[in-house]
Amino acid sequence: MRECHQEISRWLEALGVSARIDAAGNIRALYPAEHPNAPRLLIGSHLDTVPNAGAYDGILGVVLAIALLEELRGRRLPFAIEVVGFSEEEGVRFGTPFIGSRALAGTLDQQLLAVHDTRGISVRNAIEEFGLNPDEISHALMAEQTLGYIEFHIEQGPVLEKLNLPLAAVEAIAGQSRLQFTFLGRANHAGTTPMHLRCDAIAGAAEWIGAVERLAHEIPGLVATVGKIEAKPGATNVIAGEARLTLDVRHRSDEVRIRAVDDLIQQARTLADRRGLSVRESTLLSQQAVAMDPFLIGEIQKAIAQTGCRPHCMVSGAGHDAMILAEKVPSAMIFLRTPGGISHDPAESVTPDDVEKAIACGLHLLDQLVASREFLQRTNRA
Ligand SMILES: [Zn+2]
């Protein structure tokens with residue numbers, strides 16, 4: 001990370017912009033406005049990544065922010081641009097994502113500083129070991145006069161490639177439910193127990209998995225996944241007495257997501273009753289959807305159209321720093337097509353043409369925001 005900071009600082013210095021590292025390990029650089037004390041626009045993404053990663057998830061959004069400054073060629077705008085490279089988005093080390101962006105939003109609290117990695121080192125210790133002062137986290141808070149946050153990011157999915165489009169505006173980051181279901185039946189001999197006298201937990205679970213898939217197909221925008229199944233006792237010649245499954249449901253609307261989960265719980269109970277099984281479920285996670293800012297979404301769509309592409313709006317199924325910053329300032333994202341939909345893998349890629357389109361889109365967006373009285377009158381909601 002230190003080398004990464006040094007490299008990025010060098011790129012920024014070449015543009016006459018100096019960078020600093022805040023107490024949460026985020027790189028921050030301010031490209032000044034026409035006038036001192038002008039409000040600022042944040043543009044950035046994260047610098048960390050996952051093991052065995054690709055080369056674009058996160059970092060591309062920081063590089064694009066720097067490319068935009070470069071393209072401005074010293075031109076000053078009525079707002080400053082603060083480039084941010086977040087330190088810890090993926091949550092690989094501490095199991096908790098968005099540590100860097102939480103510092104800007106003011107939600108990196110004592111509880112989070114006390115979280116440990118697998119070697120017993122806390123976030124607080126790690127910050128100290130890096131040569132930063134965790135007691136100065138409050139100074140990492142975003143400036144009061146922040147107009148908004150824009151993040152370029154690879155889509156990490158196949159949608160834009162399928163539509164043959166290079167870019168999209170993100171309208172919302174999907175909410176997410178994670179549950180565990182256990183179907184209980186009666187284990188018995190696979191040879192001697194007639195079919196009509198069985199209470200087969202796996203057969204019940206299988207019927208329910210079909211229902212999960214059917215419901216997700218019926219409801220536009222819903223994705224539902226049973227990603228894991230374990231059965232007991234787990235032998236070829238034994239009817240399963242227990243089947244344990246996970247359920248992951250995501251949608252841009254919390255109402256639709258919660259209704260779908262309720263429906264699937266009801267369907268599990270009904271079919272369990274009919275089959276002489278019992279079922280119990282527990283909720284592991286229920287995370288709300290985060291809407292992106294409607295004004296910025298509209299401006300991004302216009303900017304995409306200006307590059308000669310058809311504007312498209314989509315929901316992000318994955319979480320991003322923008323969902324943390326959206327708690328405090330109007331936020332929006334621009335997705336770039338991901339060839340093959342492959343991400344979190346060395347095969348992850350982007351095409352130079354799409355990156356060129358993203359830079360053009362960013363420049364149109366800046367021009368539109370400069371010309372927008374509505375935008376310039378905005379101040380930090382917090
Ligand atoms: Zn990312």
Side-chain angles (χ1 to χ4, degrees), residues 1 4-5 7-8 24-28 42-68 83-105 107-108 149-161 166-176 223 248 250 252 285 287 289-292 296 300 314-327 329 331-351 354-355 358-359 361-362:
M1 185 57 85
C4 175
H5 286 162
E7 184 74 23
I8 286 175
N26 302 308
I27 194 164
R28 314 271 292 264
L42 292 171
I43 309 180
S45 192
H46 59 99
L47 298 174
D48 65 317
T49 190
V50 295
N52 198 38
Y56 302 93
D57 175 7
I59 182 72
L60 179 68
V62 182
V63 172
L64 279 169
I66 297 169
L68 287 178
V83 174
V84 201
F86 294 111
S87 59
E88 262 282 344
E89 188 265 358
E90 300 280 2
V92 172
R93 180 169 175 185
F94 296 98
T96 304
F98 313 121
I99 295 175
S101 45
R102 282 181 214 258
L104 268 81
T107 51
L108 206 184
Y149 172 68
I150 305 281
E151 179 170 358
F152 289 89
H153 202 285
I154 55 168
E155 180 204 337
Q156 303 182 277
V159 173
L160 288 176
E161 185 171 70
L167 303 171
V170 175
E171 55 187 321
I173 296 174
Q176 199 182 128
V223 285
D248 179 310
R250 305 187 193 204
R252 56 171 296 180
L285 173 81
Q287 188 179 289
V290 179
M292 298 288 96
L296 289 175
I300 289 169
M314 63 184 291
V315 174
S316 172
H320 294 287
D321 291 305
M323 67 195 275
I324 301 299
L325 295 206
E327 293 167 18
V329 286
S331 300
M333 294 186 76
I334 299 153
F335 271 172
L336 282 83
R337 166 166 50 194
T338 306
I342 296 164
S343 182
H344 285 187
D345 185 275
E348 183 181 276
S349 65
V350 284
T351 73
D354 290 359
V355 173
I359 294 171
C361 167

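This one's a predicted model, so the numbers in the text were calculated from it and none came from an experiment. Counting starts at 1 for both ligands and their atoms, following the listed order.
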With respect to the Zn ion (ligand 1), please indicate if E89 possesses an N, O or S atom at a distance under 2.8 Å. no

Between N52 and H344, does any side-chain donor sit less than 3.5 Å from a side-chain acceptor? no

Would you say H153 reaches the Zn ion (ligand 1) with an N/O/S atom under 2.8 Å? yes

Any chance the side chains of T338 and Q156 put a donor and an acceptor closer than 3.5 Å? no

For the Zn ion (ligand 1), give me the closest N/O/S atom belonging to D57, just the atom name. OD1

Would the H320 and H46 ring centres measure less than 6.0 Å apart? no

Closest approach of S349 to P339 (non-hydrogen atoms, all atoms of both residues): O-CD, 3.0 Å

